[in-house]
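One structure below.
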Amino acid sequence: MLFKAIFATLAVVSTVAAVAAGGTGDSATERVKPNIVFIFTDDQDARMDSLSFMPNVQKHLVEQGTLYRNHYATAALCCPSRVSLLRGQCPHNTKVTGLILPHGGYNKFNLERLGEDYLPLWMKKAGYSNYFIGKMMNDYNIINYNKPTPAGFDYQDQLVDPYTYVYNNAVFSRNGQPPVYYKNTYQTDAIHAKALATLRCQRGKDKPFFLWLAPTAPHSQSKMGPQYGLSFLKSEPPVPASRHAHLFKNVKIPRTPNFNPANRTKTASYWKLMDRLNETEVAYLDEAYRQRLRALQAVDEMVGSVIEELEIQGKLDSTYIVFSTDNGYHLGQHRAYSGKTTDIEEDINIPLVVRGPGVAKDHVSDIVSAHHDLAPTFLALAGGDDYVPDWVDGGVIPWTDRLRSHPKPVSKESFAEDPYELYNIYGSSEATTELIDRLDALLSVLKTCHDRTCRDPWRLLHPSNNDVQTLADALDEKYDVFYRRMPKVSYKECLSFYLPLNEDPPYFEQQTTASLPSSRSLQQCSIFKPDDTKCKLLPQIIESLEDQSMSNEEVQRLISLVPQPSQSVGHHVPSEVELKERENPLPKELLEAKVNWSKYGFYGLFGN
Ligand SMILES: *[C@@H]1O[C@H](CO)[C@@H](O)[C@H](O)[C@H]1NC(C)=O
Ligand SMILES: *[C@@H]1O[C@H](CO)[C@@H](O)[C@H](O)[C@H]1NC(C)=O
Ligand SMILES: *[C@@H]1O[C@H](CO)[C@@H](O)[C@H](O)[C@H]1NC(C)=O
């Protein structure tokens with residue numbers, strides 16, 4: 001096996017021998033175009049130990065690679081986080097800060113024309129074949145799946161709403177074709193089978209590939225039906241494959257010091273009003289935790305299969321495998337119920353494990369990075385730096401020695417933590433006004449930063465003074481007056497999305513104008529400014545939003561046209577042939593119905 005791997009590596013190296021000359025084994029492999037497999041779950045925590053329950057991730061990724069324990073989501077919500085990753089930008093620059101119009105979702109992504117210059121297209125320019133299987137983004141649905149189909153993929157097989165969050169209704173659109181469903185199939189297993197089929201097509205091929213696998217697990221399940229009362233909707237813990245339903249009966253959420261504490265531990269905003277959870281509530285959360293771990297088992301099996309297939313092809317040693325998620329999750333910490341979207345560590349600190357040529361093995365790293373750094377880092381691995389636009393905010397994370405000397409590094413700053421966030425030092429003697437002044441100024445820069453200033457905010461504050469590289473440097477007393485005089489961060493009201501007009505000065509960077517904030521202005525756009533490039537896609541999008549105004553019962557009937565399985569699902573991972581046999585077209589009636597899914601509460605309720 002080892003021999004085969006070396007042989008395959010040499011075969012690739014010989015095609016670009018000039019580039020590879022002189023490197024060590026690892027860095028030679030690192031310099032030819034490596035394959036990248038990106039396994040990307042939904043709402044997986046780093047702080048509640050979920051990775052420890054994934055044996056293949058442990059054996060093949062953590063032990064054979066590096067665990068980055070200070071990796072962060074740019075926003076603790078699926079859609080903004082995913083778009084930030086796809087564009088290498090902070091959410092205030094993508095302007096996608098919610099789940100549906102006017103602040104987020106696939107239609108917003110297209111209105112902002114973000115899909116015309118993003119990660120898959122950069123990878124393509126770098127010479128890669130790109131494959132995507134699973135959930136890319138919220139509100140990619142059975143109406144807008146081809147309006148337009150995401151660009152840059154040689155093959156994509158995307159989950160479509162409103163079925164993305166129903167584990168036993170696997171509904172996909174392949175390459176923008178009308179969606180199909182797989183009868184009696186567990187969603188992650190469908191992704192697993194498709195992933196293997198895609199990888200097997202790489203046998204005997206040398207062209208580098210970027211394969212992105214994005215199951216919905218361990219996101220909560222959302223279901224619709226009259227049995228769920230007035231709201232018609234139910235959010236419940238994720239559903240595991242039946243073969244994993246019996247696992248972990250005695251496992252509980254780790255009882256960290258911030259878990260449902262006897263005394264309140266958070267002192268800002270609504271946190272200070274939260275009551276302690278009672279036994280019934282804690283028991284419910286513990287079961288939700290077990291369901292999450294069980295749902296992750298099918299993902300873990302997929303990781304095992306990916307490794308096995310890469311090994312068969314002799315490509316394991318020339319492939320980077322990156323494991324992460326979109327945002328974190330909390331269950332009972334600081335007395336909060338289940339969810340995300342907040343700024344607590346449970347929601348923003350997320351798993352990141354990397355293995356591949358030149359990546360330290362069995363190593364835990366404290367490097368601080370965030371999701372907007374991933375795209376530029378993938379491109380650096382792919383030898384495609386030239387294709388990363390200057391407006392990208394993220395920098396290159398030093399996963400390998402070669403990347404350590406990259407000219408566009410991630411921000412140097414790291415920080416000491418109070419891991420359970422038990423003590424708010426704001427207002428105490430530990431947090432001096434000098435410190436608070438600096439942090440305030442830093443936030444002023446970061447909340448409107450663009451490209452370079454996101455990676456090195458101190459340059460904007462001290463343009464002609466290279467002595468200030470870090471917070472520690474800035475704390476020098478000679479800058480006290482400067483920071484004291486700086487206007488403090490404030491905003492008009494607490495909104496659940498980002499609106500530049502809501503932010504008070506100072507603005508260090510130019511304010512982006514609030515774009516197209518309502519469907520009314522969408523229409524104005526198409527009526528009054530037909531030549532505006534932003535308006536080009538509008539007729540399609542507006543059409544996709546037309547609503548037939550239906551009763552809940554009618555919407556429920558339409559949804560049920562994709563039948564719920566009659567038996568328990570997920571006894572084994574289907575073969576490619578089995579999966580094909582289970583494939584059915586979505587009924588025409590369902591495809592032609594114009595349902596405004598957001599109106600029926602799909603996104604607000606679940607915080608997808
Ligand atoms: C909770 O607060 C009370 C009153 O302030 C204090 O006496 C007690 O030690 C605190 N308990 C914990 C676990 O911190
Ligand atoms: C726990 O709290 C819930 C409200 O969230 C309440 O309905 C239930 O009766 C309480 N259970 C106990 C045992 O106090
Ligand atoms: C869809 O529903 C949402 C939520 O009710 C509403 O705000 C939006 O205006 C609707 N869109 C259209 C085009 O009717």
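Order of listing sets the numbers, starting from 1, for every ligand and every atom in it. Fair warning: this is a prediction, and the values are worked out from it, not measured in the lab. Counting begins at 1 with the first residue of the sequence.
- At the shortest separation from atom 11 (N) of ligand 2 among protein heavy atoms lies Asn278 ND2, 2.9 Å.
- Nearest non-hydrogen protein atom to atom 13 (C) of ligand 2 is Thr280 OG1, 3.3 Å.
- Side-chain N or O atoms of Arg335 include one that pairs as donor or acceptor with a backbone N or O of Met274 at under 3.5 Å.
- A disulfide is not assigned to Cys449 and Cys90, since their SG atoms are no nearer than 2.5 Å.
- Not counting sequence neighbours, Thr94 has no partner by the side-chain hydrogen bond (donor to acceptor under 3.5 Å, both in side chains) test.
- Counting only heavy atoms, the protein never gets under 4.0 Å from atom 7 (O) of ligand 2.
- For Arg243 and Glu301, the salt-bridge test passes: some basic side-chain N is under 4.0 Å from an acidic carboxylate O.
- Only the side chain of Glu281 comes within contact range of ligand 2, with a heavy atom under 4.0 Å; no backbone atom does.
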